[in-house]
Structure formats: structure tokens, C-alpha cells
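One structure is given here, and the rest of the page talks about it.
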Amino acid sequence: MSPSLDKAATVLRAFTVQKPEWGSRPLAAHLGWPRSTAQFYLSGLAGAGFLRHIPGGRYRLSWQLADFGALLTDALPWFSRARSALADLAQATRGLGFLCVLEEDRVVCIHRALGDPEAHHTAVQTDVTLPANATAAGKILYAYSGAPLPTFERFTPSTITTPDEWAGELERVRADAYAHSIEEWIPGHCAVGLPLFWEGEVVAAFGVQLPSSRYLARERRVLARTRQATRPWALPG
């Protein structure tokens, strides 16, 4: 990637749910850049339609990016049906359904479905990029790809933090064709995930997250429901 494109991508990645808007001065401080450089890229990205200028000299992501996202998912032949199945699973389990893909070595959540509208806010993650070593989705996607070792950041005492643990976990995932995360990323929450196969390859990780108390009390039932939901995308044989 050229230095200019790399800087533009860095600016776009600075916009998050926690920090949805930036001005040139705080962005420059955040990135360690001169203010003029931050302003140059903010203005340029706004001119290209990726950002929109709001009062106070600040910027937000443009709605045009939502159009790009819709075009991307609509182009996936399996997405529409998987999204519907995820909504059904989330409602049946009163959990948070997730659909994730692997972009190079990043686990990206492309869709979520909340089955419990009264769920506490800690149960509703809004992260787009998830930690591979601590999530069921990450384990699934890495187990069926040639991605390099992930960053072994520790989130809870149960998080996998060594290459040997990771290799053993991925071997188990491939043998069982599912993955779980038992309070490895979010304290008090567990998840189970299965691979979605399309034309013989894993295209996504599909699963659901629940509070630990509910998940551990009916783990087999949740796994069975998730397997039933992913049956149309199971590997033949």
C-alpha cells in the first residue's frame, strides 16, 4: 500500500462507535501527526465522499460507506439466507447472533442479530474487528485458513495467550467442526460458532453469544440449535 493510501486508511479506522467524530487537532494528537497532515486527509476523504463535514470543524463517516457495505453483502450469494437464519437463532436462544468473515488476518463482524431486546448493554458488542484468540468466530476462521498467528492479547484469565494453546485449540475446532469461547473475551459471556461452507470453502463463522449462566446451563441445546441453523451451509458428507 502506498504511504498516502495507508494514511487515508488510518484516518478511516480512527472512526469508531466510541469515537464517531474527529476534528483535525484531536485526530493529529491521537495519531501523532502534524495538524496540517490530519486536516489534509480529513478534507480529502470528505471530498471523496467517505467523510462528511459537520459543524465545529469536525468530521463523521459518510452514509456513502453504508451503501458500499450493502453492495458488499448483497454480492455474497449466501448472505441473505444466513442473515435470516441468524435472526431466527438469536430469537430462539435470546442471544446475540454473529456472522463474521476473515479479511487477511482480521476477524470482521459483518452482521449481528439481537434476540433479547432487554439484554444488558454489556451483552451487545459493537466491535467490527474481533480478537481472533478470544472469540469463537476467530477460532473458526483461523482453523480453516492459512492465517498467521494472531496477537495473543489477554482479555480474561481464560484467554488463550500462547502458540501451543492456540494450535491445540484449532486442532480441536477442526475435529469437532465448531468452536466455543467460555468467558475468554467478555467476562460473564460465552459463545459458540460453526463454519459456513460455500462451494467447499469456509466463507464465514456463524454463532451466538449468551450470558454464561444461560449458556452453561444448556450448552448442548444451544450447540444443537446452531448446528440446525447452519445445516444449509454444512460441508457435504
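Given the structure is predicted, the values throughout are model-derived calculations rather than measurements.
Note that CZ of R214 and SG of C190 are 11.0 Å apart. Values are rounded to the nearest 0.5 Å. Atom CD of E171 is separated from atom CG of D176 by 10.5 Å, given to the nearest 0.5 angstrom. In this structure, the separation between CD on E165 and CG on L170 is 11.5 Å, given to the nearest 0.5 Å. Put simply, CZ on F98 and OG1 on T135 are 7.5 Å apart, with the number rounded to the nearest 0.5 Å. In this structure, the separation between CG on L141 and CD on E103 is 11.0 Å, given to the nearest 0.5 Å. For the atom pair CZ (R52) and OG (S62), the distance works out to 7.5 Å, reported to the nearest 0.5 Å.
In this structure, W166 and I160 approach most closely via the heavy-atom pair N-CG2, 3.7 Å. When all heavy atoms of I140 and A205 are compared, the closest pair comes out as CG2-CB, 3.8 Å. Taking both residues in full, the closest heavy atoms of A177 and L194 are given as O-CG, 3.8 Å, listed atom of the first, atom of the second, then distance. Closest of all the heavy-atom pairs between A90 and A113 is CB-O, 3.3 Å. Of all the heavy atoms in V173 and Y144, the pair that sits closest is O-OH, 3.9 Å. Listed here is the closest heavy atom pair of A8 and L45: O-CD1, 3.8 Å.
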Donor-acceptor pairs under 3.5 angstrom involving side-chain atoms of residues 27-38: please list them, not counting sequence neighbours.
unit_1: R35; atom_1: NE; unit_2: S24; atom_2: OG; d: 3.0

Check: Between R106 and T129, does a side-chain hydrogen bond (donor to acceptor under 3.5 Å, both in side chains) hold up when you go through it step by step?
Finding: CA-CA 7 Å; R106 297 188 307 129; T129 302; 3.2 Å; yes
Note to self: As a quick check of understanding, evaluate side-chain hydrogen bond (donor to acceptor under 3.5 Å, both in side chains) for S158 and E184, giving each step before the final call.
What the structure shows: CA-CA 5 Å; S158 300; E184 296 172 45; over 6 Å; no
Check: Passes side chain to side chain contact (heavy atoms under 4.5 Å, CB included), F79 versus H111? Steps please.
Finding: CA-CA 9 Å; F79 178 76; H111 188 67; 4.0 Å; yes
Margin query: For a side chain to side chain contact (heavy atoms under 4.5 Å, CB included) check, start with the C-alpha distance between L12 and L61, then their side-chain angles and the critical distance, and finish with the verdict.
Written below: CA-CA 8 Å; L12 289 174; L61 295 176; 4.1 Å; yes
Check: Passes side chain to side chain contact (heavy atoms under 4.5 Å, CB included), F206 versus L86? Steps please.
Finding: CA-CA 8 Å; F206 178 110; L86 189 69; 3.8 Å; yes
Next item on the list: Test side chain to side chain contact (heavy atoms under 4.5 Å, CB included) on L196 and V202 and set out the steps.
Entry: CA-CA 5 Å; L196 293 191; V202 172; 6.0 Å; no
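Sequence neighbours left out, not one pair with a member in residues 195-211 passes salt bridge (charged side-chain N to carboxylate O under 4.0 Å, His left out).
Taken together through direct or relayed side-chain contacts under 4.5 Å among Ile, Leu, Val, Met, Phe, Trp and Tyr, V11 and I54 form parts of separate hydrophobic clusters. A continuous path of hydrophobic side-chain contacts links L99 to V192 [ILVMFWY only; heavy atoms under 4.5 Å].
Partners of E21 under the salt bridge (Lys or Arg N to Asp or Glu O under 4.0 Å) rule, at least two apart in sequence or in another chain, are R58, R60. Every residue two or more places apart in sequence or in another chain that forms a salt bridge (Lys or Arg N to Asp or Glu O under 4.0 Å) with E169 is listed here: K139, R172. Partners of T93 according to the side-chain contact (heavy atoms from CB on, under 4.5 Å) rule, which considers only residues two or more places apart in sequence or in another chain, are L89, V208, L210, R225. Applying the salt bridge (Lys or Arg N to Asp or Glu O under 4.0 Å) rule to D88 yields no partners; only residues at least two apart in sequence or on another chain are considered.
Although no hydrogens or angles enter the test, the distance criterion places no donor-acceptor pair under 3.5 Å between the side chain of T161 and the main chain of F152. Although no hydrogens or angles enter the test, the distance criterion places a donor-acceptor pair under 3.5 Å between the side chain of N133 and the main chain of E153. Under the 3.5 Å distance criterion, the side-chain polar atoms of W185 are left unmatched by any main-chain donor or acceptor of F155. Between the side chain of Y142 and the backbone N or O of D105 there is at least one donor-acceptor pair closer than 3.5 Å.
Relative orientation of the H53 and Y59 rings is parallel, given thresholds of 30° and 60° on the angle between their planes.
Heavy atoms of other residues, nucleotides or ligands lying less than 6.0 angstrom from CD of Q91 number 12 at most. Residue-environment remark: CZ (F40) stays at or below the threshold of 12 foreign heavy atoms within 6.0 Å.
Relative to the ring axis of W233, R81 places its NZ or CZ within 45° and under 6.0 Å from the centre.
Side-chain contact between C100 and L130 is present, with heavy atoms from C-beta onward closer than 4.5 Å. Side-chain contact check for Y41 versus S43: every heavy-atom pair is 4.5 Å or farther apart.
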